[in-house]
Amino acid sequence: MPSPLDKTYDSSVVEKKWSAHWAEHQLFQPRQTENPGSFCIVIPPPNVTGSLHIGHALNNTLQDILVRWKRMQGIQTLWIPGTDHAGIATQNVVERQLKEEGLSREDLGRKAFIDRVWKWRHQSGDTIIGQLKQLGASCDWDRLRFTMDEGLSLAVRKVFVQLYEEGLIYRGERLINWCPRCLTALSDIEVEHEDIKGTLYHIRYALVDAPNTFLTVATTRPETLLGDMAVAVHPEDPRYQQYIGKQLKLPLTTRTIPIVADPILVDREFGTGAVKITPAHDFNDFEAGERHGLKPLTILDFKARMDGSGLRTAMVDQSLLDSLDLKSVQAARPLVIEALQEQDLLIKEEDHPMALGKCYRCKTVVEPYLSPQWFVKTAPLAAPAIEAVETGDIRIIPDGWKNNYLGWMRQIKDWCISRQIWWGHQIPAWYCRSCNKDHLGETETTTGETRESQDTAPSLMSCFISPNAQPIVSETDLTTCPKCGGSDLFQDPDVLDTWFSSSLWPFSTLGWPEQTQDFKTFYPNATLVTGLDILFFWVARMVMMGIKLTGQIPFRDVYIHALVRDAEGQKMSKSKGNVIDPLTKMSQYGTDALRFTMASMASPGRDMKLAEERIEGYRNFVTKIWNAARFIQLYEDGPKTDTPLASRPFPDQWIFSRLNHAIRAVTKALHDYRFDQATSHLYQFIWHEYCDWYIELAKPSLQQDNHPDAATTRQTLLESFEIIQRLLHPVMPFITEEIWQSFPHEGVSIMTQPFPTEREAWTNAQAEQRFSLLQSVVSTTRTGRALLNIPANQALSMFATTTQNDDAASLKHLQPHIESIMRSAMTLAPTTDWPSDRILQLVSGNLTIGIPVEPNLDLQLVVKKVKKQIEAKEKECTRLQERVASPKFREKAELSVIQESEERVTSLRQELTLLTSSEQQIATMLRS
RNA sequence: GGGCGGAUAGCUCAGUUGGCAGAGCACUGCCUUUACACGGCAGAUGUCGCAGGUUCGAUCCCUGUUCCGCCUACCA
């Protein structure tokens, strides 16, 4: 029911009201329409532990704009919401809670711990879902998914088994990135690199045969030399050629190691040209070790501490071994340095910039760690994923990120997917104890739930399952061994990388692997909207998995938006205290204002700096719209008429022409994912054309009794404003619904009304031309008023004329509109007919305006301004004249450009003549 | 080390198939005119990072350069 609008817009009341209304009428559900095709977006699932931050606000606002727009266009539209279990992140949060109770996850055991995480997930897990609803996100909430719900878990298992059977998933012992705090393997991209100032230590290694001859190696990690298995030199390096094959005495130990030649590892120019090889603790060295048949010797344990048994194997001097045992890397380094110095083996230390790898979840320094893990063989999956983007089957928008994607994809490495944590999809692989007698560690028991002391690496059980053990991979839980029929089996304790399940998201959420109706209708998805930060983590892997498993690309467009930073360009973080909380801003300025801000800042390919003033500015815009609605409502009552547009008065024709232009511009911008341009057109049109000019032009016919145009004006106002609401709705869903519902309407909600479409018949060049003439007259006159200090409310008797015949006719037509807007009487007559004294002439193109000058006005200021104007015009005129006179210009420039310049010179000269005569007039007035 | 992006008004940013440099905010002045002071009107503000080149003409194209971001990388 239509109802009068309140004086002020109360966003919180309005938002709650319409959110409930939309939910009640189930308007977010996909609806079959007569239009072919479908439009489906899957949400980038926020971490279930999370709460809405500004990045989510941006990401989901953009998605919602697209979804609401497509829905209004009458396309069957679905936006699937969901959350991610976020393995490591969530586990860390719950472990922190436990710690506050003085407990560890090992105290609880695996099952109880997982129960605890589930409990917590149920308690607070959907906080962010509520917040997304508050943002207005029009997801089909009935289809809410979670990466660990039953259907998705089944999909995960099925995929794992399929890829394993095809040889695309394998288990093997490799050097992987290890977080010694999270106690789990990480994939390469889960390591963040930080530049630090390191030190390069030059250390002497003595030759066994000639104890007074030394090779000097350079290293940034002296403590790892205890695990050295060789020293490499370049085979063509004359300094060292004669030593290749000889043995070195490894400092601080009783071991000897060989000197090997390796052209790959060694850069002759760097350091001393001799490199120590520590296969167990460096990725390059691991590969070099494989080339030379060197066995890795692990001297660091799973917590990145010096490992006593490893050190014994390394034959480290006993006294040093005792002092190093269980020391952290940081603590061990000075001890090793000291020991080297005592033996006069450290000859130089120099500053050396280097990059340190850190865990992306907890920022702990990661260590290369040798352990058996599960991997996805990526090369066969990457090839079609590269092709899809190269051929344009998948579009990446903006285009600039395409190379980023392709570059990464082309040199992709195998993906380590096993994590030694408990929260996640446990790997569907079982081991039979009797078949694998020799391949299972002794310390481990069957269930992985046994309580163990902190130092026996309880969560590392997989490390005790030798790489030679035979896993049985199965979609369903196994209780008997298919080989020996035994029943002593246990499941691999590792869980899968969180991103493994997210890589299935575009189809697992649609019911895949079942061929559901949803899957058939909505796959491939239309668009994926995401931030750049997860291009590799998520987008790349969805493309690989999507193509592999469904045989189709997962989505057609990938729209990548920027990261939100604060006004200074800093990344927002709680520790910096520069976080702008979207929820606070929503309650402060209204959700529509925040949404509009987000969209307006979404220029392609840049980071966006969010200044709070912008939200405030767009809140003002919301208020402006509100007040325009109230104005229209004031005059809503009264007769209307269906007069065709062509027969309506000039302002009506003009505003429809502009409205058509706005519809075209906004639609194109949305189509091009230019949310910034869409909002800018909306802002410009609504505020500076509709409110500033159309409403002002409409006032006389509404406010004067019995005005002949009253009925058509009312009609136009209502019609155009209703269209504007629909045009604005995808960006500002709440206020547009409130306004739309408050006016006479049909239908249950604006969100299921059609999005405005262009009507060529509305475009009216004549009306637009007339308008710009009107605008010139009004603006020029206002400038004159300001110049002459005539207050806006003081009536004026002014003169106008134009040298152009068309304009002269238009001027006559426009006279009543101009007079009412200016609150002035306008005399149309050539300047020669104007009173000769005390008239200020103002020029704008062909147009000349005359304004009477008050007798006692201080004209000095006016003279100054007119002079300034003359100066500027002269400068421009001179420049243009020079250009036009230049023979080269005449010869080479395009004809239209030459003509344009010439015309402009002519009109500038004309203006200058008039301005000069004005100046003289004023001078005369001053003298009199 | 490699790659990408940015540098335009005090601030945040648009922009140009190369031909009068724009918006919002902030600022100055006037105005409480019955939608709106979260408003209206008028105004001021720029060596378009720096240096070369191409061109009749460069903020835009090319080359180099300096800062600032980001991504990426196994030089110990």
Side-chain angles (χ1 to χ4, degrees), chain A residues 5 7-9 189 193 200-201 217-221 232 264-267 269-278 282-288 352 354-355 368 398 400-401 403-404 407-408 411 532-533 535-536 562-563 565 567 569 571 589 593 600-601 603 605-611 613-614 616-635 676-677 680 683-684 687-688 691-692 695-696 699 703 778-779 782-787 789-794 823 865 876 879-880 883 886-894 896-898 900-901 904 908:
Chain A
L5 297 166
K7 183 148 195 326
T8 53
Y9 176 64
I189 50 176
H193 293 275
L200 195 60
Y201 300 89
V217 303
T219 179
T220 53
R221 301 199 59 188
I264 299 172
L265 183 68
V266 180
D267 171 2
E269 309 300 315
F270 188 88
T272 60
V275 191
K276 66 197 220 32
I277 299 182
T278 320
D282 184 281
F283 289 100
N284 289 320
D285 292 8
F286 182 78
E287 286 172 18
H352 180 66
M354 53 186 279
W401 302 121
N403 284 336
N404 236 4
W408 185 79
Q411 47 118 57
L532 180 67
D533 48 336
L535 180 65
F536 304 142
L563 258 52
R565 295 170 186 282
K571 208 164 177 171
Y589 299 111
S600 74
M601 293 193 314
S603 297
R606 322 171 112 262
D607 287 344
M608 50 176 81
K609 294 180 201 167
L610 176 57
E613 295 80 60
R614 292 204 49 178
E616 198 181 334
Y618 292 125
R619 186 273 318 269
N620 296 352
F621 180 47
V622 170
T623 309
K624 185 78 183 178
I625 296 165
W626 185 252
N627 284 309
R630 288 177 54 231
F631 170 82
I632 294 166
Q633 215 170 46
L634 272 181
Y635 298 99
D676 57 328
Q677 291 179 348
S680 150
Y683 187 96
Q684 190 60 31
W687 198 317
H688 296 305
C691 292
D692 285 354
I695 288 185
E696 292 309 315
K699 277 179 181 173
Q703 292 172 346
V778 171
S779 294
R782 280 172 176 165
T783 306
R785 266 186 194 272
L787 211 55
N789 247 331
I790 306 167
N793 54 4
Q794 186 182 320
R823 297 157 189 276
K865 290 203 172 172
E876 200 191 333
R879 209 191 58 204
L880 273 168
R883 182 200 284 178
S886 150
K888 279 190 171 172
F889 175 72
R890 304 204 69 90
E891 190 186 323
K892 306 218 170 170
E894 274 177 48
S896 65
V897 174
I898 298 175
E900 209 179 288
S901 301
R904 201 161 155 66
L908 272 171

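In the text below, chain A, chain B and the rest are named by the order of the sequence lines, each starting its count at 1.
- A salt bridge does not link Arg879(A) with Glu876(A): none of the charged nitrogens is closer than 4.0 Å to a carboxylate oxygen.
- For the C1' atom pair drawn from rC25(B) and rG69(B), the interatomic distance equals 24 Å after rounding to whole Å.
- Look at Tyr635(A) and you'll find a side-chain N or O under 4.0 angstrom from OP1 or OP2 of rA35(B).
- Distances shown here put a side-chain N or O of Gln703(A) below 4.0 Å from the OP1 or OP2 atom of rA35(B).
- Residue Leu634(A) has its side chain nearest to rA35(B) when only rA35(B), rC71(B), rA76(B) are considered.
- Of the C1' atoms belonging to rC70(B) and rG64(B), the separation is 23 Å, rounded to the nearest Å.
- Between Trp687(A) and rG40(B) there is a side-chain polar atom (N or O) within less than 4.0 angstrom of OP1 or OP2.
- Comparing the same atom, P, in rC4(B) and in rA42(B) gives a spacing of 46 Å after rounding to whole Å.
- Taking the C1' atoms as reference points, rC62(B) lies 34 Å from rG24(B), given to the whole Å.
- rC56(B) and rG19(B) make up a base pair, with Watson-Crick or G-U wobble contacts both under 3.5 Å.
- With rounding to whole Å, Asp267(A) atom CG is found 11 Å from rG1(B) atom C1'.
- In the set rG40(B), rA42(B), rC71(B), rA42(B) carries the atom at the smallest distance from any side-chain atom of Ser779(A).
- rG3(B) and rG39(B) are spaced 49 Å apart, taking the P atom of each and rounding to whole Å.
- Residue Gly784(A) is out of contact with every strand shown, counting any heavy-atom pair closer than 4.0 Å.
- Pairing of rU47(B), defined by two Watson-Crick or G-U wobble distances under 3.5 Å, is not identified with any nucleotide.
- Base pairing of rA9(B) is not made with any nucleotide, judged by Watson-Crick or G-U wobble geometry with both donor-acceptor distances under 3.5 Å.
- Nucleic acid contact class of Phe536(A) (heavy atoms, under 4.0 Å, all strands): sugar-phosphate only.
- The residue Arg619(A) sits close to a base: some heavy atom pair falls under 4.0 Å.
- Distances shorter than 4.0 Å separate some side-chain N or O of Asn620(A) from OP1 or OP2 on rG39(B).
- The nucleotide rG29(B) finds its pairing partner in rC41(B), both defining distances of the Watson-Crick or G-U wobble pair being shorter than 3.5 Å.
- When heavy atoms are screened at a 4.0 angstrom cut-off, Phe270(A) is found touching base atoms of the nucleic acid.
- Counting any heavy atom pair closer than 4.0 Å across all strands shown, Gln794(A) reaches no nucleic acid atom.
- Nucleic acid contact for Asn789(A): none, since no nucleic acid atom lies under 4.0 Å from a heavy atom of the residue.
- Using atom C1' as the reference point in both rA76(B) and rC61(B), the two lie 44 Å apart (nearest Å).
- Taking only side-chain atoms of Thr623(A), from C-beta outward, the nucleotide of rC36(B), rA76(B), rC75(B) with the closest atom is rC36(B).
- The shortest distance between the side-chain N/O atoms of Ser901(A) and the OP1/OP2 oxygens of rG19(B) is not below 4.0 Å.
- By the 6.0 Å contact criterion, CD on Glu900(A) is open, its count of non-hydrogen atoms from other residues, nucleotides or ligands being 12 or less.
- When each of Val897(A) and Val266(A) is assigned the nucleotide of RNA chain B with its nearest heavy atom, Val897(A) is the one assigned upstream, toward the 5' end.
- Taking 4.5 Å as the limit, some side-chain heavy atom of Trp408(A) sits within range of a side-chain heavy atom of Ile189(A).
- Between Phe621(A) atom CZ and rA23(B) atom C1' the separation is 13 Å, expressed in whole Å.
- The side chain of Asn627(A) sits closest to rC36(B) out of rC36(B), rA73(B), rA42(B).
- Arg785(A) comes within 4.0 angstrom of no nucleic acid atom, judged by non-hydrogen atoms across all strands.
- Residue His688(A) places at least one side-chain N or O under 4.0 Å from the OP1 or OP2 atom of rG24(B).
- At least one cation-pi condition fails for Arg619(A) and Tyr589(A): the charged atom is not both under 6.0 angstrom from the six-membered ring centre and inside a 45 degree cone around its axis.
- Using Watson-Crick or G-U wobble geometry with both donor-acceptor distances under 3.5 Å, rG69(B) finds its partner in rC4(B).
- Nearest to the side-chain atoms of Phe889(A) among the listed nucleotides rC25(B), rG19(B), rU72(B) stands rG19(B).
- In this structure, CD of Glu894(A) is placed 12 Å from P of rU17(B), rounded to the nearest angstrom.
- Checking rC25(B), rC56(B), rA42(B) against every side-chain atom of Thr783(A), the shortest atom distance belongs to rA42(B).
- Nucleic acid contact class of Leu265(A) (heavy atoms, under 4.0 Å, all strands): base.
- Atom-to-atom, CD1 of Ile898(A) to P of rG19(B) comes out at 15 Å; the value is rounded to the nearest Å.
- In this structure, of rC41(B), rC75(B), rG19(B), it is rG19(B) that holds the atom nearest to the side chain of Ala893(A).
- Across all strands, Ile277(A) comes closer than 4.0 Å to no nucleic acid atom at all (heavy-atom distances).
- Residues Thr623(A) and Tyr9(A) fail the side-chain proximity criterion, which asks for heavy atoms closer than 4.5 Å.
- One finds a side-chain N or O of His352(A) lying less than 4.0 angstrom from the OP1 or OP2 phosphate oxygen of rA76(B).
- Note on Lys699(A): a side-chain N or O is less than 4.0 Å away from OP1 or OP2 of rA35(B).
- The shortest distance between the side-chain N/O atoms of Lys624(A) and the OP1/OP2 oxygens of rG40(B) is below 4.0 Å.
- The nearest whole Å value for the distance from the CG atom in Leu787(A) to the P atom in rG43(B) is 9 Å.
- Within 4.0 Å of Tyr683(A), counting heavy atoms only, lie sugar-phosphate atoms of the nucleic acid but no base atom.
- Atom CH2 in Trp626(A) sits roughly 19 Å away from atom C1' in rA37(B) (whole-Å rounding).
- Here the side chains of Asp692(A) and Glu696(A) are not in contact, with every heavy-atom distance at 4.5 Å or above.
- What separates CG of Asp285(A) from P of rC75(B) is a distance of 12 Å, to the nearest Å.
- Between Tyr683(A) and Tyr618(A), the gap from one ring centroid to the other is short of 6.0 Å.
- Rounded to a whole Å, the CZ atom of Arg782(A) is 16 Å from the P atom of rU33(B).
- In terms of position along RNA chain B, the nucleotide closest to Arg614(A) lies nearer the 5' end than the nucleotide closest to the other residue of the pair Gly617(A) and Arg614(A).
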